[in-house]
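Worksheet: one structure, shown below.
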Amino acid sequence: MNVKKKIYQLAPPQILALGFAGIIVLGGLLLSLPISSSNGLGLAFIDALFTATSATCVTGLVVVDSGTYFSVFGQVVIMLLIQIGGIGFMTMTTLFAIVLKKRISLKERLILQEAMNQSSMEGIVRLIRKVVIYSVTIEVIGALLFTIRWSFDMSFGRALYFGLFHSVSLFNNAGFDLFGGFRSLTLYVEDPLVNLVSILLIILGGLGFIVLSDLMDFRKTRRLTLHTKVVLAATSILIAVGTIVVFIFEYTNPMTLGSLNMGGQLLASLFQSVTPRTAGANTLDIGALRQATQFFIIILMFIGASPGSTGGGIKTTTFTTLIGAVIAMIRGKEDVVFFHYRLAKDRIYKAITLTIICLFLVVMMAMILSTTEDHSFLMILFEVTSAFGTVGLSMGLTPELTTFGKFIIMFTMFAGRLGPVTLAYALQPKVEKELYRHPEGKIIIG
């Protein structure tokens, strides 16, 4: 039996897991080559593998400075890994098949359905075409706007290169930057153009391709799906609440907002509210934030972006479903209702299951790291949540991780990008459906 046939006998979650793992290993090998480093000595394989995992899982946590350590070749490898990881390797494979006019098989459609988190295969290839078109269009526009701004600070060629890299990084919610010194976008904390373009790229990448497709079709259909309405409402509320909370907590902090004018304070508060939604870029020093702000950012990172997007976390729809279930229970209602539509019970069960699995993963990884890393628990919890949510924000722990700690964070990034439930399905043996049900019983809750 040939290898291709064996692979096609695997379940879609297993193929996705193997695909991402293969890309990470290949990326690690490329980044460990002497040509990938600016000093020509090559990077230790564990650090190269960590960087490849972070790029493919569109996270942004780095053990070496991307802007100064890597050569142009290494930086281009990172950018390609971000692009493949952001829109998905199956999307890239399907794109090549479409270009070569090859038929997309039923198995490949099932894998795409799993990768895009869709409930059915209907219109999945058409969605993939839209994913590619939207991604390229948005990234090109972002790159041009960045190029115009940075051409005032550097040569045009360098500005164009920086513009393309950061546009790809921000739209795919990766958080990698080339400014050196682990500074991210702190040099442009009060720059309106850089901030607003970055924020738009992050939000568009985090909304999800299903939502973008629905918005683009709105002029023809004159209607939005329930999923799009929930995502837009949840995203707007989280950004607004996040901006207010960051502003209140940091307004008097001289290390962050305290040294800025009112316009800069509002812009920085907005950026720090948007970026925990799995982007990873920052305009303020995360380590200088007050502990209350850092813990609030942990909550935002855990929630993450929306389904079918380039971001991670439990997703906005999961969080909204949980809040809806709590409100319905408090009000004595039987159904969770959004925009005059009730949610099916299986959606609520899935949201609860996903949240508990993710919470268990984050807590366990944080507990393990707290025994191997000599740092405060808040810093460790921040790092683990950032890895799980594929965010990339850090309080400075990443470069100081032990070898064991790097493996823990790599696994957490991988699980966060693939999705804990998908990863669990990929690792478990095939389960047959039960042919019977147990009698109903009752227990006391609360």
Side-chain angles (χ1 to χ4, degrees), residues 13-14 16-33 36 42-66 69-70 74 77-78 80-82 84-86 88-89 169 172-176 182 278 280 301-302 304 310-313 357-358 360-373 375 379-424 426-427:
Q14 294 173 323
L16 285 176
L18 287 174
F20 271 107
I23 292 167
I24 288 169
V25 172
L26 177 60
L29 290 171
L30 290 174
L31 291 176
S32 65
L33 296 175
S36 293
L43 184 63
F45 183 69
I46 176 64
D47 292 334
L49 191 64
F50 187 98
T51 306
T53 305
S54 183
T56 307
C57 297
V58 288
T59 305
L61 294 174
V62 289
V63 289
V64 294
D65 187 63
S66 305
Y69 187 90
F70 291 105
V77 169
I78 290 172
L80 291 174
L81 290 174
I82 291 170
I84 295 170
F89 79 94
S169 178
N172 289 286
N173 283 211
F176 281 83
F182 299 99
T278 85
M301 291 192 297
F302 186 74
T310 58
I357 290 175
C358 294
F360 179 78
L361 173 67
V362 169
V363 170
M364 284 300 299
M365 295 301 104
M367 288 173 63
I368 293 171
L369 275 186
S370 66
T371 64
T372 63
E373 312 301 315
H375 293 278
M379 180 180 280
I380 291 170
L381 181 62
F382 193 101
E383 193 85 4
V384 170
T385 310
S386 179
F388 160 73
T390 68
V391 180
L393 293 176
S394 177
M395 292 169 61
L397 176 59
T398 315
E400 300 178 16
L401 287 170
T402 61
T403 300
F404 181 77
K406 289 173 184 175
F407 278 112
I408 292 295
I409 293 297
M410 278 192 283
F411 173 79
T412 308
M413 288 190 289
F414 185 74
R417 178 64 185 98
L418 197 62
V421 174
T422 301
L423 185 62
L427 296 177

Exercise for the section: Verify, without hydrogens or angle tests, whether Ser54 (side chain) and Leu61 (backbone) share a donor-acceptor contact under 3.5 angstrom. Expected result: yes
Problem - Heavy-atom pair with the smallest gap, counting every atom of Val63 and Phe182 - result: O-CZ, 4.4 Å
Completion exercise
Between Asn172 and Gly86, the two heavy atoms sitting closest are OD1-CA, 3.3 Å
Practice task
Check the pair Thr51, Ile78 against side-chain contact (heavy atoms from CB on, under 4.5 Å), reporting the backbone distance first and the verdict last.
Solution key: CA-CA 8 Å; Thr51 306; Ile78 290 172; 4.0 Å; yes
Problem - Nearest-0.5 Å distance that lies between atom CD1 in Ile380 and atom CE in Met395 - result: 10.5 Å
Handout entry: Nearest heavy atoms of His375 and Glu400, plus distance in Å
Key = CE1-OE1, 2.8 Å
Practice task
Looking only at non-hydrogen atoms, find the nearest pair between Phe302 and Thr385 and report the distance.
Solution key: N-CG2, 3.8 Å
Practice task
From the options Ile23, Thr412, Ile82, Ile24, select the one residue that forms a side-chain contact (heavy atoms from CB on, under 4.5 Å) with Cys57.
Solution key: Ile24
Problem - Atom CZ of Phe360 with >12 non-hydrogen neighbours under 6.0 angstrom - result: no
Exercise for the section: Would you indicate whether the side-chain heavy atoms of Leu361 and Phe411 approach each other to under 4.5 Å? Expected result: yes
Handout entry: Nearest non-hydrogen partners of Ala52 and Gly28, listed with the distance
Key = CB-N, 3.4 Å
Exercise for the section: State, with a plain yes or no, whether a side-chain heavy atom of Met301 is found less than 4.5 Å away from one of Phe388. Expected result: no
Problem - Pairwise side-chain contact, Phe50 with Leu401, heavy-atom cut-off 4.5 Å (strictly under) - result: yes
Handout entry: Phe45 and Leu29: CA distance, side-chain angles, deciding distance, side-chain contact (heavy atoms from CB on, under 4.5 Å) verdict
Key = CA-CA 7 Å; Phe45 183 69; Leu29 290 171; 3.7 Å; yes
Practice task
Answer yes or no: is there a side-chain heavy-atom contact under 4.5 Å between Asn173 and Val58?
Solution key: no
Problem - Ser169 side chain vs Ala174 backbone, donor-acceptor pair below 3.5 Å - result: no
Handout entry: Polar side-chain atom of Glu373 near backbone of Thr402 as donor-acceptor pair, under 3.5 Å
Key = yes
Exercise for the section: Give a yes or no on whether the backbone of Phe176 and the side-chain of Ser66 come within a donor-acceptor separation of less than 3.5 Å. Expected result: no
Exercise for the section: Check the pair Thr398 / Lys406 against side-chain contact (heavy atoms from CB on, under 4.5 Å), numbers first and verdict last. Expected result: CA-CA 8 Å; Thr398 315; Lys406 289 173 184 175; over 6 Å; no
Practice task
Kindly indicate whether the side chain of Thr59, heavy atoms from C-beta on, has any atom under 4.5 Å from the side chain of Arg417.
Solution key: no
Problem - Non-hydrogen side-chain atoms of Ile46 and Phe407 separated by less than 4.5 Å - result: yes
Exercise for the section: Spell out, as yes or no, whether a donor-acceptor pair under 3.5 Å connects the side chain of Ser370 to the backbone of Met367. Expected result: yes
Practice task
Ignoring hydrogens and angles, tell me if any N or O in the side chain of Ser36 forms a donor-acceptor pair with the backbone of Ser32 under 3.5 Å.
Solution key: no
Handout entry: Any Leu43 side-chain heavy atom under 4.5 Å of Phe70 side chain
Key = yes
Practice task
Would you give the length of the straight line joining atom CD1 of Ile408 to atom CE of Met365, rounded to the nearest 0.5 angstrom?
Solution key: 5.0 Å
Practice task
Assess whether side-chain contact (heavy atoms from CB on, under 4.5 Å) is satisfied between Leu381 and Val362, documenting all intermediate values.
Solution key: CA-CA 8 Å; Leu381 181 62; Val362 169; 3.9 Å; yes
Handout entry: Flag side-chain contact, heavy atom, 4.5 Å: Val64 against Pro399
Key = no
Problem - Any donor-acceptor N/O pair, Thr53 side chain to Leu49 backbone, under 3.5 Å - result: yes
